[in-house]
Amino acid sequence: MPSLSSKKSTIVRAKVTAVRGAFGLADRLAPSVGARYATRRWLTVPAVPAAVAAAPVDGDPFEVRVDGWTVRGTSVGTGPVVYLVHGWGGVGRQLSSFVDPLRRAGHRVVVFDGPSHGRSDPGACGPRRTHGVEFAAALGAVAERFGPAHAIVAHSMGALPSLMVHRDGLPVGRFVLLAPMRDLASYLDRFGAVSGMGPRTRALMDARIARLTGHPVADLDVRRLAAGAAPVPLLVVHDRRDRETHHGHSVELVETWPGPATMLSTEGLGHRRLLADPGVVRDVVAFVAAPEPAGHAEGHAAAAARSARYSSR
């Protein structure tokens, strides 16, 4: 008699085969229909993994409005502001292990849920859907409330909106990127390969995403954003066995970052467990709390003066 696990595997294989067949047919007969369906699937936020075990953040709740929808979060402590930015399908509380150590180090820690994630409202894409540019709008609105960033600590896809907001004028003293996602195009390549998406469907999907986000897919790339970033210190933490984002991409980012950059590689923590690892938390807090390198303080102050939009309230 087949086991339950073998039955589930058979069902999953059947579904994958059906999806691949549907995309293959759509590419030949109706690529615009396939692209519309693929885009909806791509923008749909997955459920928070059951393995996520993080304490709620205890502090002062806040709400900010972005184009008619609400972003909700929590502020803890006083001092230079550190923003914690979760990734795709995550929630702010995943970064809760960093909150109290950063507060004790003398920082105001601001954590929030992205659009269609956690407690925050959906944005223009509708319920359970969003994209990285909406994430950036959410972070930008939060930063307008709390002011320039002494540091941003971002996980996975959160790296992209963090660098986008910095490019758009938010002064950031230093970045910590935890298992960062490098670029949208390579993940769309993977999605297309698994789904059996043909070239006509993929081209139309890229065009739809560009219209929705206001940016070509090729521009949604940490490498391009980093090339225009201020030469501030960067710490990247990435597990060599991460199955969701690529360790090698982080090595490349550190090697090409315009300022001082450090790579911390872990072994066996995967994509999410590093968020609660005591050693990772200790190293991140030490990096955030370290004195600013000579020459960077003046540049950061000048950037803050140029960016009146992000004034603490």
Side-chain angles (χ1 to χ4, degrees), residues 42-43 45-46 49 83-90 94-95 98 114 130-133 135-136 139 151-167 172 174-195 197 202 205-206 209-210 213 215-277 279-280 283-284 287-288:
W42 179 258
L43 298 178
V45 178
Y83 295 100
L84 305 183
V85 185
H86 69 80
W88 184 254
Q94 283 180 291
L95 296 156
F98 296 96
T130 189
H131 51 70
V133 179
F135 248 85
L139 174 57
I152 291 180
V153 179
H155 178 232
S156 193
M157 190 277 286
L160 182 67
S162 298
L163 283 165
M164 290 183 72
V165 173
H166 178 50
R167 177 203 61 190
V172 180
R174 57 190 62 208
F175 283 96
V176 178
L177 304 182
L178 306 169
M181 169 185 166
R182 186 185 70 179
D183 65 288
L184 179 59
S186 64
Y187 287 87
L188 287 175
D189 289 344
R190 184 193 300 180
F191 175 69
V194 171
S195 303
M197 192 184 305
R202 170 62 192 276
M205 180 184 182
D206 283 7
I209 290 174
T213 64
H215 297 271
V217 166
D219 286 354
L220 299 176
D221 189 319
V222 165
R223 291 169 296 183
R224 294 195 177 199
L225 294 166
V232 299
L234 167 71
L235 172 66
V236 178
V237 185
H238 211 135
D239 193 82
R240 291 187 177 90
R241 302 184 190 181
D242 193 321
R243 295 183 178 182
E244 298 193 28
T245 57
H246 297 286
H247 179 267
H249 290 175
S250 287
V251 173
E252 176 191 13
L253 176 61
V254 166
E255 290 174 346
T256 57
W257 183 257
T262 302
M263 179 81 187
L264 174 61
S265 298
T266 63
E267 192 72 48
L269 292 177
H271 190 63
R272 296 181 181 84
R273 289 197 303 277
L274 59 77
L275 298 178
D277 180 76
V280 171
D283 290 341
V284 167
F287 175 81
V288 170

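Hydrogens, waters and symmetry mates play no part in the numbers below; they use all other heavy atoms, side chains included.
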Item to complete: Take Phe191 and Met205, measure what side-chain contact (heavy atoms from CB on, under 4.5 Å) needs, and give me the verdict at the end.
Response: CA-CA 12 Å; Phe191 175 69; Met205 180 184 182; 3.7 Å; yes

Response to the item:
Shortest non-hydrogen pair, Ala179 vs Thr245, comes out as O-OG1, 3.2 Å

Worksheet, complete the sentence: Between Val236 and Pro180, the two heavy atoms sitting closest are CG1-CD, 4.0 Å

Practice prompt. Please lay out, stage by stage, how Val165 and Ile152 fare under the test side-chain contact (heavy atoms from CB on, under 4.5 Å).
Written response: CA-CA 11 Å; Val165 173; Ile152 291 180; 6.0 Å; no

Worksheet item: Residues two or more places apart in sequence or in another chain: which of them pass salt bridge (charged side-chain N to carboxylate O under 4.0 Å, His left out) with Arg167?
Response: none

Worksheet entry | All side-chain hydrogen bond (donor to acceptor under 3.5 Å, both in side chains) counterparts of Thr262, not counting sequence neighbours | none

Item to complete: Taking all heavy atoms of Leu235 and all of Phe287, pick out the closest pair and write down the distance.
Response: N-CZ, 3.5 Å

Worksheet item: Taking it one step at a time, do Arg272 and Glu244 satisfy side-chain contact (heavy atoms from CB on, under 4.5 Å)?
Response: CA-CA 10 Å; Arg272 296 181 181 84; Glu244 298 193 28; 2.8 Å; yes

Worksheet item: Under the salt bridge (charged side-chain N to carboxylate O under 4.0 Å, His left out) rule, what pairs show up with a residue in residues 183-195, not counting sequence neighbours?
Response: Asp189-Arg202

Donor-acceptor contacts under 3.5 Å from residues 215-229 side chains, at least two apart:
residue	atom	partner	partner atom	Å
Asp219	OD1	Arg224	NH1	2.7
Asp221	OD1	Arg223	N	2.8
Asp221	OD1	Arg223	NE	3.1
Asp221	OD2	Arg223	NE	3.3
Asp221	OD2	Arg223	NH2	2.7
Arg224	NE	Ala218	O	3.4

Practice prompt. For Glu267, check salt bridge (charged side-chain N to carboxylate O under 4.0 Å, His left out) against everything at least two apart and list the hits.
Written response: Arg240, Arg241

Worksheet, complete the sentence: Between Val45 and Gly89 the two heavy atoms that sit nearest each other are CG1-CA, 4.0 Å

Discussion item. Please enumerate all residues that pass side-chain hydrogen bond (donor to acceptor under 3.5 Å, both in side chains) together with Thr213, with sequence neighbours excluded.
Written reply: none

Discussion item. For a quick test of reading the model, state the closest non-hydrogen atom pair linking Pro46 to Trp88 and the distance between them.
Written reply: CD-NE1, 3.2 Å

Discussion item. Quick check against the 3.5 Å criterion: does His246 have a side-chain atom that pairs as donor or acceptor with the backbone of Gly248?
Written reply: no

Worksheet item: Shortest non-hydrogen contact from Ala230 to His166?
Response: N-NE2, 3.4 Å

Worksheet entry | Partner set under ring-ring contact (aromatic ring centres under 6.0 Å, His included) for Phe135, not counting sequence neighbours | His86, His117

Discussion item. Could you walk me through whether Asp277 and Thr266 satisfy the side-chain contact (heavy atoms from CB on, under 4.5 Å) test, starting with their C-alpha distance in whole Å, then the side-chain angles of each, then the deciding distance to 0.1 Å, before giving a yes or no?
Written reply: CA-CA 10 Å; Asp277 180 76; Thr266 63; 5.8 Å; no

I'd like a table of donor-acceptor pairs (distance under 3.5 Å, sequence neighbours excluded) in which one partner is a side-chain atom from residues 155-164, with atom names and distances.
residue	atom	partner	partner atom	Å
His155	NE2	His271	O	2.9
Ser156	OG	His271	NE2	3.0
Ser162	OG	Gly158	O	2.7

Item to complete: May I ask you to test the Val237-Leu269 pair for a side-chain heavy-atom distance under 4.5 Å?
Response: no

Worksheet item: In terms of ring plane angle, is the pair Phe175 and Trp257 parallel, tilted or perpendicular, where the classes change at 30° and 60°?
Response: perpendicular

Discussion item. Please enumerate all residues that pass salt bridge (charged side-chain N to carboxylate O under 4.0 Å, His left out) together with Asp242, with sequence neighbours excluded.
Written reply: none

Worksheet item: Considering only heavy atoms from C-beta outward, does the side chain of Leu275 approach that of Val280 to under 4.5 Å?
Response: no

